A.B. asks: 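Structure below; questions to follow.
In each ligand, atom 1 is the first atom listed, and ligand 1 is the first ligand listed. For the numbers below, each heavy atom of this structure counts, side chains included, while hydrogens, waters and symmetry mates do not. These figures come from a predicted structure and were not determined experimentally.
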Amino acid sequence: MPSTSPKSAQLQASPIRKLAPHARAAEARGIHVHYLNIGQPDMPTPPEMIAALHGLPLNRLAYAPSEGLPEAREAWSAFFTTWDVDFSPDQILVTSGASEAITFTLAVVAGGGGEVLVFEPCYTNYLSFAAQADVRMVPVTLEVEDAYHFGSADRLRARITPRTKAILLCNPSNPTGTVYTLEELEAVAEVAVERDLFVICDEVYREFVFDGGPVRSFTQFRDLADRIIVVDSVSKRFNACGVRIGCMATANRDVLDVALRFCQARLSVATAEQLMVVPMLTGGRGYSERLCVEYQTRRDTVYAGLERINGVHPHRSEGSFYTMTRLPIDSCETFAVWMLKDFERDGETVCLAPGEGFYVTEGLGVDEVRIAFMYDAVTLRRAMAVMDAAVAAYPARRELAAGVSV
Ligand SMILES: Cc1ncc(COP(=O)(O)O)c(C=O)c1O
């Protein structure tokens, strides 16, 4: 029998989705599962987008240009302007979500064995994108005790080698909810210039900043323009993950030229979907601002729920719609499986994303979980109460009474 290639077999299974069979089995037993593991927005896609889809003046779904339809590139450019980010339409390539934009960008700047610095815990798919692009992700490890902030430029410098080509920055962060401070962004900028690196800015959660904090794009460092590549998406800000529209944007002509060849090799992005996002990109700022208010309420609910769990010392997520926390439990993966297989409270249980999968470094994050705020506050309150009961009932709970530090 021919076999799959050893390299492709190394691609990790999604840590977010791998508990799904246990969750389905719990549901088959009649248990109600609260899915706190996945960042799939629960709110409806804006009617403007659906109406735009129905109203498209199309009688032939031809290939779109590889760089994206002019209408879509103009709409992205207009969208960026509302957030004080300057990219002209010809500096934007429309992609199948931010996922494709990141994969192309990694390949363009570091493909063929280059290294890219990334803060861990990180968005898990970065590792799979990097594997596809033949890029090595080099982690800068952040600590829950620092609310996953990194503080100083030296943390980055310490991980740079002659093969380092870029720093990948997800701000606000999935999975931690960290919004990097101005000083931290300045540190990234300083190191990028000093070591001649690109900065890949994953800003798919850009405007989801809580507590009135400033929405900062890395593009504010205008003198770094040629080093900056922004990746973006409609998925989260417009509750439209299934539309699969994103983009990469840069002022760097060489990057655009090479990236366009990747775009040409996959021919084009779906024509109708590029057009259906135009109304929200050009007029949707108020919509995503309202979403941010809702996510802040949910953040408050999750934070309050975590605070009530004995042995948990949560940090207050600053943005995106996630938080990570440490639980007083040795293996959160075993705990998450146990909650689905062996635990229920009044017919309910919770599905969590174990922290390990968000780390590049093996062995880290075993006592952490990521929580996504994908239910209204009432449901989240119930889910947090279920989690509290589960932590208390878990047989292998770390022995707090014995003074084990958590
Ligand atoms: C940080 C981050 N980047 C990129 C993506 C991919 O987004 P898209 O749906 O646009 O491919 C996600 C999706 O969850 C994400 O959280």
A.B. asks: For ligand 1, does S99 get within less than 4.0 Å through its side chain, its backbone, both, or neither, judged by non-hydrogen atoms?
C.D. replies: both
A.B. asks: Quick one: nearest non-hydrogen protein atom to atom 7 (O) of ligand 1, plus distance?
C.D. replies: A98 CB, 3.8 Å
A.B. asks: Would you tell me whether Y126 and D202 have side-chain atoms, one donor and one acceptor, within less than 3.5 Å of each other?
C.D. replies: yes
A.B. asks: Would you mind running through ligand 1 and noting each atom that sits below 4.0 Å from a heavy atom of C170?
C.D. replies: 1 (C)
A.B. asks: Any donor-acceptor pair under 3.5 Å linking the side-chain atoms of N252 with those of T250?
C.D. replies: no
A.B. asks: Taking distance alone, with no angle check, do Y322 and ligand 1 share an N/O pair under 3.5 Å?
C.D. replies: no
A.B. asks: Can R298 and D376 be counted as an ion pair, charged N to O under 4.0 angstrom?
C.D. replies: no
A.B. asks: Return a yes/no value for S233: is any of its N or O atoms, backbone included, closer than 3.5 angstrom to an N or O of ligand 1?
C.D. replies: yes
A.B. asks: Starting from atom 2 (C) of ligand 1, which protein heavy atom do you reach first, and at what distance in Å?
C.D. replies: D202 OD2, 3.4 Å
A.B. asks: Side chain, backbone, both or neither: which part of K236 has a heavy atom under 4.0 Å from ligand 1?
C.D. replies: side chain
A.B. asks: Between S235 and ligand 1, which residue portion shows a heavy-atom distance shorter than 4.0 Å: side chain, backbone, both, or neither?
C.D. replies: side chain
A.B. asks: Less than 4.0 Å between a side-chain N and a carboxylate O, is that true for D367 and R326?
C.D. replies: yes
A.B. asks: Could you tell me whether Y126 and ligand 1 have an N or O pair separated by under 3.5 Å?
C.D. replies: no
A.B. asks: Without hydrogens or angle criteria, can the side chains of T178 and E318 be said to hold a donor-acceptor pair below 3.5 Å?
C.D. replies: no
A.B. asks: May I ask you to check whether T325 and E368 show a side-chain donor-acceptor distance below 3.5 Å?
C.D. replies: no
